[in-house]
Each structure stands twice: as structure tokens, then as C-alpha cells.
Amino acid sequence: SNRQLQVSDVRALELAAIMNLTPTRARNLAFEARTIVESLDEVMDLLDKGHITAYHSKLAADGWRQLCGRFDAAHEPIPENLASRYQRRILLRVTAKTVSDYKRGINTAVAMLSPQCHESIRQATQQDRYVHVQPDVDGMAYLTAYLGATEAARVWQALEHAATNDSTL
């Protein structure tokens, strides 16, 4: 296993040099390709037939990795038929969907097939909330926040009002 990791690293470095990529990006590309070929056979079939783009397959691989990560985080084994169920959900009428609709479908599939309920996922992400202020020149600053959608909308409205009306909050 350690030897395979070393060979994999060397191949990733070679690929990175040839394609002018960082080694990390090369490893990620190799991982995505391996995921599609080994786990997402229906995605691979549609890609081979030209019914979806490489970008569609990349998004499918990203969603699959996220779904598997949720099973790992919940310390639950990945069900044998999970890949088929995931692909069935995301590939339904895929050729008629915009990329945005396809992404939304992937997010929905990940949420619906995850071992955790929506409420526990929401509670876990609530712990990741933050607000960051970075001072800039001339008394200005950048404000970055990661909030729940409802709170973010409220803060955005208040900031928009303050920015356009020269008022204080």
C-alpha cells in the first residue's frame, strides 16, 4: 500500500509537470477519473456515448465523494447499491437539464441518500459559521461571512442598505 502510494505520487508529479498543474491538482484529477471509472459506471457510459460532458462527470464524482464522506463521518458502511441509487437520481433526464439544475440534482441526491437527517446536517454546519473582517486602506474593510441562508439574506439586506444610504447599522 505504501509502495502504491509512492508510485501514485510519482505519477501525479509527472502528470502535473506535463500538464503544468500543481501536484495536488493532478492527484485530484486522477482521483476524479478513478472514481468515475470504478464507481460511477452509468456516468462513464453516458460520457463515452457523448450524452454528457466531462464537466458533468466531474460534478457527479464530486457529489459521490461528498456522499461517501457523509457515510464515513456517520461511521456507517456504504450500502452496496448506493452508487446505482445515486446515479439513478442524478442522471434522470440529464440531457434536458442545465448545469445549474444538474448541480442542484446532485446536491439533492446527496442530501436524500445521506445517512444523516437534514436537521443533524444543518446543526453540524451551524457550528461552522463565521464572520471575518479584513481591514483595508482608507478606513475600509472586507467582510466575509459563512452563515445560514436566512441569516445571510438579512445581513446582506442590512449591509446593502448601509452601503447605499450612507447610514449606520
Side-chain angles (χ1 to χ4, degrees), residues 1-132 134 144-149 152:
S1 174
N2 194 16
R3 185 178 175 337
Q4 288 175 339
L5 186 63
Q6 291 171 353
V7 169
S8 173
D9 286 343
V10 169
R11 287 187 179 153
L13 290 170
E14 288 174 350
L15 182 61
I18 292 168
M19 297 179 70
N20 198 23
L21 300 170
T22 65
T24 301
R25 180 69 183 132
R27 273 190 212 95
N28 287 344
L29 287 172
F31 178 79
E32 288 167 1
R34 191 170 49 250
T35 298
I36 294 164
V37 170
E38 293 175 358
S39 301
L40 303 176
D41 57 333
E42 294 171 45
V43 169
M44 188 68 202
D45 186 47
L46 289 176
L47 183 62
D48 283 343
K49 291 177 180 175
H51 295 302
I52 62 171
T53 66
Y55 186 62
H56 283 91
S57 62
K58 179 211 179 304
L59 294 172
D62 291 346
W64 177 249
R65 184 176 11 190
Q66 185 181 10
L67 181 58
C68 291
R70 289 190 177 183
F71 275 86
D72 288 343
H75 305 291
E76 291 189 24
I78 295 173
E80 190 173 309
N81 66 346
L82 185 64
S84 294
R85 291 171 40 215
Y86 171 72
Q87 291 176 99
R88 195 174 321 118
R89 282 183 179 269
I90 68 167
L91 297 175
L92 185 65
R93 295 185 301 278
V94 66
T95 56
K97 293 180 181 178
T98 65
V99 172
S100 295
D101 289 339
Y102 182 64
K103 286 179 181 179
R104 208 171 9 264
I106 288 172
N107 290 337
T108 301
V110 168
M112 297 300 291
L113 297 171
S114 290
Q116 299 172 310
C117 70
H118 299 291
E119 183 59 25
S120 63
I121 292 169
R122 190 188 69 72
Q123 287 174 353
T125 57
Q126 289 288 336
Q127 295 173 354
D128 295 336
R129 295 180 300 173
Y130 67 86
V131 175
H132 177 73
Q134 180 181 348
T144 306
Y146 183 69
L147 304 168

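Model, not experiment: these values are computed from the prediction.
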Undergrad: Applying the side chain to side chain contact (heavy atoms under 4.5 Å, CB included) criterion to Arg70, which one of Val110, Leu113, Ile78 satisfies it?
TA: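 Output: one option passes, namely Val110.
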Undergrad: Without swapping roles, check the side chain of Lys97 against the backbone of Leu92 for a donor-acceptor pair under 3.5 Å.
TA: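 Side chain of Lys97 to backbone of Leu92: a pair is present.
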Undergrad: Under a 4.5 Å cut-off applied to non-hydrogen side-chain atoms, are Phe71 and Pro77 in contact?
TA: no
Undergrad: Please report the interatomic distance CG(Asn107) to CD(Gln66), rounded to the nearest 0.5 Å.
TA: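 Here the interatomic distance stands at 6.5 Å.
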Undergrad: Would you check if there is a donor-acceptor pair between the side chains of Asn81 and Ser84 at a distance under 3.5 Å?
TA: no
Undergrad: Taking the side chain as C-beta and beyond, is there a heavy-atom pair between Glu32 and Thr35 under 4.5 Å?
TA: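 No, every pair of side-chain atoms sits at 4.5 Å or beyond.
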Undergrad: Is the closest basic N to carboxylate O distance between Glu42 and Arg88 below 4.0 Å?
TA: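 Judged by the 4.0 Å cut-off on N to carboxylate O distance, Glu42 and Arg88 do not form a salt bridge.
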Undergrad: Taking Tyr102 for its side chain and Val94 for its backbone only, find out whether a donor-acceptor pair lies under 3.5 Å.
TA: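 Pair absent, no side-chain N/O of Tyr102 close to backbone of Val94.
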Undergrad: Which atom pair, heavy atoms only, marks the closest approach of Ala60 to Ile90?
TA: CB-CD1, 3.7 Å
Undergrad: Using 0.5 Å steps for rounding, measure from the CG atom of Asp72 to the CG atom of Leu67.
TA: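 Going from CG on Asp72 over to CG on Leu67, the span is 10.0 Å.
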Undergrad: Which distance, rounded to the nearest 0.5 Å, do you find between the CD1 of Ile36 and the NZ of Lys58?
TA: 9.0 Å
Undergrad: Hey, can you tell me if Tyr130 and Tyr146 have their rings parallel, tilted or perpendicular (30° and 60° cut-offs)?
TA: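 Plane angle under 30°, so parallel.
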Undergrad: Would you confirm whether Tyr55, through its side chain, and Val99, through its main-chain N or O, come within 3.5 Å as a donor-acceptor pair?
TA: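 It does not hold such a pair.
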Undergrad: Quick one, Ile106 with Tyr86, criterion side chain to side chain contact (heavy atoms under 4.5 Å, CB included). Give me CA distance, side-chain angles, the key distance, then yes/no.
TA: CA-CA 8 Å; Ile106 288 172; Tyr86 171 72; 3.7 Å; yes
Undergrad: Testing the basics here: between Leu59 and Lys103, what is the closest heavy-atom pair and its distance to 0.1 Å?
TA: CD1-CG, 3.8 Å
Undergrad: Taking Ala83's backbone N and O only, do any of them form a donor-acceptor pair with Gln87's side chain (distance below 3.5 Å, no angle check)?
TA: yes
Undergrad: Which heavy atom in Ser57 sits nearest to a heavy atom in Ile52, and how many Å separate them?
TA: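 In terms of heavy atoms, the two residues are closest at N-CD1, 4.4 Å.
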Undergrad: Please step through side chain to side chain contact (heavy atoms under 4.5 Å, CB included) for the pair Thr144 and Val131, ending with a clear verdict.
TA: CA-CA 6 Å; Thr144 306; Val131 175; over 6 Å; no
Undergrad: What distance do Asp41 atom CG and Leu47 atom CG have between them, rounded to the nearest 0.5 Å?
TA: 12.5 Å
Undergrad: Can you measure from CG (Leu91) to CG (Leu40) and round to the nearest 0.5 angstrom?
TA: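 If we round to the nearest 0.5 Å, Leu91:CG and Leu40:CG are 8.5 Å apart.
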